[in-house]
Peer 1: 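Starting off with a structure, shown below.
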Amino acid sequence: MIDKSVSESSLFKEARAQKANKSVSYKAAAHSSSDNIDDNTGILGNKKVSESAKVYFDLSKSEEMEQAAMSMKMTSKDERGKGKMVQAEASKSKVQMDQKSSVEAYKQVESKSKGILSSQASEESSSYSKSKEVKFRSSECSSVQSSMSCISQDSFSQDAILDEVMEREEAVPALCLKYPLELPPSYSSDSHISWQCLTNLKVSYQKSSRNLEKHIEAIKNANGNVNEEIKHLNLILRVIEHAWKIEVYGRDLSYGLCDVIRQEGILDMVIQNCSSSNKDLLKASAGLLEQILSTENRKYVVENGLETVINMTLSLKDNHEFAKFTTGILEGLFKVSAEASSKMVALGGLDIILHWCRSADLGVLRRCAKAISNLSLFGGSEVQEEMATHNVPEWLFPLAFMADDNIRYYACLAICVLVANKELEAAVMKSGTLDLVMPFINSTKPSVFAKNDLAHRQGRDSIYLEHLIPLLSSRREEAQALAAFHFAMEAGIKAEQGRVGIFYDIGAIEPLKTVASSPNATASKLAAQALKIIGEDVPHKLTPQVPVWNTEDVAHWIKQVGFKDYVDAFVSCRVDGDILLLLTEDELQNSIGMTCKIARKRFLRELKGLKVTADYSSCDRSQIDSWMMKILPDLSQYTYCMLKNGMSKELLSTTSHEELKECGVTNPIHRRLILEHIDDLYCSLPKYGSFNSLQRQKSVDVSSISTLPKAVDVFISYRRSTGSQLASLLKVHLQLRGFTVFLDIDRLRAGKFDENLLLNIKMARHFLLVLTPNSLDRCFGDHELTDWVHKEVVTALDSDCNIIPVLDSFDWPTAESLPEDMQQVVYFNGVRWVHDYQDACMHKLENFLKVGKRTPQIEYVYGKSPSLLANKSDTDLTASEDNISETSTKKSFKERSTGLFNSIWENVIETY
């Protein structure tokens with residue numbers, strides 16, 4: 001119950017006694033302005049008023065001033081709001097001096113009256129309409145100021161003020177008094193925005209605590225009534241979900257309520273219910289647990305019920321009804337510590353997340369992407385290595401390939417964290433997921449992305465942001481850019497909340513300045529954007545075109561990479577970008593004075609990284625650099641030296657090993673790679689020593705390679721609008737089974753059809769045609785061969801590919817409705833994809849791939865012409881799984897057919 005130690009003061013008792021002896025009806029009346037109050041004499045106009053009335057007007061005056069501050073423009077809001085707050089504090093001090101026996105009560109009046117200032121607080125306060133406060137202050141008006149203008153000074157008395165104070169005191173929930181809201185340090189800012197958020201937060205906390213108190217009490221009094229427990233657990237969940245949805249300060253409000261739930265013992269009950277056999281109780285408990293995993297609650301679960309919770313997620317592994325709850329719980333628990341993450345991985349938590357990565361439910365996939373990103377951020381290097389052994393980089397590909405921006409973002413974040421670990425860089429690069437990061441960043445604005453999801457609008461806490469800071473120092477361009485993207489997004493959110501001080505607390509300013517001045521164009525731009533929002537000066541910007549750097553640019557870069565002691569030597573030698581790119585170890589030692597051999601190695605390592613990332617477009621007219629980057633990125637370190645020695649694409653055809661060595665290509669393996677790929681510049685066909693050689697060709701004659709060896713196992717064709725998820729999922733499944741796969745990731749970006757795709761189809765052994773709803777609609781009437789899928793299907797039919805349709809909720813159209821050059825595709829037997837039975841589908845698909853090239857399935861009906869199976873049922877497809885090869889199909893037919901049918905069969909085979 002509510003503590004009434006304050007409200008039962010002698011002053012309140014006297015007021016109650018006076019009220020019992022009177023039947024006074026208080027009318028809403030007051031003088032038009034509190035400016036007439038004389039602070040020294042207590043005079044209102046020419047009449048004296050009681051000290052209580054004077055206090056009331058002083059508080060109203062502070063309200064009036066604070067309301068005016070809220071209406072000011074944002075440009076001067078902080079400064080003016082601060083001035084109003086000073087005046088309000090003066091009024092509050094006077095109140096505290098004037099009131100002796102009810103100081104605490106008047107503090108409640110002052111606190112709640114402030115809450116009415118903003119529209120949010122006014123809305124939250126409307127639920128108090130049953131109290132006498134509303135009858136007294138807003139019987140005919142909706143604001144404090146308007147009600148004061150109609151209060152009669154003759155009917156105004158001390159009884160009304162004290163009555164209002166008592167009502168306000170009794171309205172404060174017991175949970176608020178028992179568990180005062182602990183405010184984050186960033187709310188200590190004296191800016192008006194921060195003060196306004198704080199005021200709204202306090203009012204919302206009181207309202208939500210009142211609802212929470214009622215349901216917690218009901219659960220404690222349930223006495224084993226399971227239905228009653230389920231009912232009030234769901235009602236508590238509604239309170240928490242509502243708190244999370246409040247913009248700006250919803251996270252802080254939710255964290256405060258979550259702490260109350262833990263301290264009242266409800267969290268222990270929820271953990272215990274995770275082992276319940278009652279489905280409804282388990283569902284209510286799991287749903288609530290997902291929403292109440294605040295920082296302290298996560299730690300509590302790890303310490304007191306981790307195995308119970310993980311075992312619950314394992315027992316519900318194939319239960320789609322609980323998928324969002326189980327993945328959401330793991331998403332939260334993965335943010336505790338490296339030790340806790342390691343334990344959860346050992347218990348099977350990561351396996352659960354990877355299992356649900358195959359889901360078609362966007363809500364589940366969002367939680368999976370966030371869970372993997374949390375695990376990579378908080379798990380530490382050992383857990384990251386364990387993630388690599390579980391093929392996490394591969395499973396991140398379909399998530400990063402999704403059309404949903406939230407899923408893409410967290411998948412990209414996870415892969416960037418993993419690639420920042422040098423031990424895992426090779427595994428990450430092999431997965432191909434890293435290639436999806438920069439397209440996402442370049443196509444998305446941080447300010448827009450921040451508003452497309454409730455979790456983003458709340459912003460992240462300081463612990464989460466601290467784990468992102470190391471990415472700003474990563475050598476990988478993708479990791480740097482994504483971290484800068486996140487900080488640019490967070491800067492906008494924290495500025496709206498009035499909490500930009502958090503970036504200083506976690507030490508993010510200097511790393512952001514370093515990135516803002518780096519040659520990494522994308523990361524630099526985003527970091528500069530974050531600094532501007534925070535209010536920091538943007539440092540000197542280095543252009544990526546290193547050859548045009550001046551001495552000042554070089555000096556700045558020298559400081560940036562950690563060699564500030566040698567800046568004066570570089571400046572005195574007038575080293576510019578041109579000289580820097582040609583600098584040798586001997587010159588470092590003799591001219592710069594870098595005598596330490598290890599220091600020279602460190603410097604040359606930094607210089608190599610600069611050469612690889614530099615932009616040579618100002619001097620590379622023949623585009624040698626872009627050509628060498630496609631062969632191997634490390635070859636770009638030789639570009640400038642080759643250009644300075646007069647090398648061009650035209651001369652490469654006659655270049656020898658010795659000439660390349662003279663051009664600065666000191667590594668013999670690198671010289672060999674360059675010479676092996678020189679023919680690609682002039683020949684219509686690439687060298688097929690590696691799969692990457694297929695992607696280097698600008699234009700090729702696909703008809704000239706029909707007799708060449710196949711370089712890829714599987715080419716996946718799909719419709720971008722509906723088939724990207726299944727296509728990316730098939731890619732991962734096939735790669736994990738040892739197949740090499742080509743999937744055009746550029747198709748996610750709107751652009752021109754790349755004729756080089758036709759070459760990749762010709763070079764593939766198998767052609768997987770992903771058919772999702774409406775995927776062939778654009779082919780209808782496409783007689784000009786303009787549609788991408790149409791082009792790919794025709795090329796596959798003309799080549800030696802084994803065509804395998806994969807159907808997901810797709811029904812074949814009639815052959816006549818398609819263009820004549822692709823009608824044959826409807827006759828190929830395929831795999832009907834079922835998301836819930838992916839392993840079985842992949843087993844069947846793998847059998848198709850191992851058998852090799854197949855012919856269309858033929859069915860004969862006695863007395864009729866042979867008909868091609870355009871719509872064979874799933875049962876028939878399953879039954880014929882063991883007879884899918886060309887040989888077995890012919891044999892089965894000949895055993896069942898007469899000579900007439902044999903001749904028909906031969907005609908059909910000859911036709912196709």
Side-chain angles (χ1 to χ4, degrees), residues 286-287 290-291 293 313 316-335 348-377 387 390-418 431-434 436-437 439-440 443-444 449 452-456 482 716 718-733 735-736 743 745 748 770 772-773 806 808-809 833-839 841-842:
E290 181 198 3
Q291 295 294 323
L293 287 176
T313 64
L316 299 171
K317 182 177 180 180
D318 295 315
N319 192 318
H320 290 268
E321 187 178 359
F322 285 80
K324 288 183 180 179
F325 302 144
T326 56
T327 53
I329 290 169
L330 291 171
E331 171 200 335
L333 293 178
F334 282 159
K335 290 192 292 186
L350 178 58
D351 294 327
I352 295 297
I353 293 298
L354 295 181
H355 171 77
W356 287 113
C357 280
R358 306 187 294 181
S359 172
D361 188 311
L362 291 181
V364 174
L365 293 177
R366 288 191 189 105
R367 289 164 172 79
C368 289
K370 291 179 182 178
I372 295 175
S373 67
N374 290 343
L375 187 61
S376 61
L377 278 171
M387 293 171 73
H390 281 70
N391 299 310
V392 169
E394 282 77 13
W395 282 111
L396 284 171
F397 185 91
L399 297 177
F401 204 64
M402 294 286 294
D404 185 277
D405 282 344
N406 293 309
I407 300 174
R408 290 175 64 196
Y409 171 73
Y410 286 104
C412 290
L413 175 59
I415 203 67
C416 285
V417 175
L418 293 178
S431 69
T433 310
L434 197 66
L436 302 174
V437 175
F440 169 79
S443 63
T444 310
F449 180 68
N452 72 355
D453 185 77
L454 183 62
H456 301 154
L482 194 69
I716 301 179
Y718 66 100
R719 178 71 67 187
R720 177 170 63 95
S721 57
T722 58
S724 58
Q725 182 188 2
L726 179 54
S728 60
L729 198 58
L730 287 169
K731 174 183 181 292
V732 176
H733 278 300
Q735 284 181 331
L736 295 179
L743 180 69
I745 64 173
L748 273 182
V770 176
T772 47
V806 180
D808 181 11
S809 303
W833 185 261
V834 182
H835 280 279
D836 293 343
Y837 300 96
Q838 293 185 26
D839 291 335
C841 293
M842 286 306 303

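Position 1 is the first residue of the sequence, and the numbers go up from there. This structure is a prediction, so every number in the text was calculated from the model and none was measured.
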Peer 1: Using modelled atom types only, decide if a donor and an acceptor are shared between the side chain of His733 and the backbone of Met842 within a distance under 3.5 Å.
Peer 2: no

Peer 1: I'd like to know if the side chain of Gln735 reaches the main chain of Val732, judged simply by a donor and an acceptor atom lying under 3.5 Å from each other, with no hydrogens or angles considered.
Peer 2: no

Peer 1: Give a yes or no on whether the backbone of Phe334 and the side-chain of Asn374 come within a donor-acceptor separation of less than 3.5 Å.
Peer 2: no

Peer 1: Do Trp833 and Leu730 have side chains that approach each other closer than 4.5 Å (heavy atoms only, starting at C-beta)?
Peer 2: yes

Peer 1: Any side-chain heavy atom of Thr772 within less than 4.5 Å of one from Ser809?
Peer 2: no

Peer 1: Going by the rule salt bridge (charged side-chain N to carboxylate O under 4.0 Å, His left out), which residues pair with Glu394 if we only count those two or more places apart in sequence or in a different chain?
Peer 2: none

Peer 1: Under the salt bridge (charged side-chain N to carboxylate O under 4.0 Å, His left out) rule, collect the residues that match up with Asp404, sequence neighbours excluded.
Peer 2: Arg366

Peer 1: Please lay out, stage by stage, how Gln725 and Met402 fare under the test side-chain contact (heavy atoms from CB on, under 4.5 Å).
Peer 2: CA-CA 6 Å; Gln725 182 188 2; Met402 294 286 294; 3.5 Å; yes

Peer 1: State plainly whether the residues Arg367 and Glu290 are in salt-bridge range, i.e. N to O under 4.0 Å.
Peer 2: yes

Peer 1: Any heavy-atom pair between the side chains of Phe397 and Ser431 that's under 4.5 Å?
Peer 2: no

Peer 1: Less than 4.5 Å apart, any side-chain heavy atom of Asp808 and any of Val770?
Peer 2: no

Peer 1: Can you confirm if the aromatic rings of Trp356 and His320 lie within a centre distance of less than 6.0 Å?
Peer 2: yes

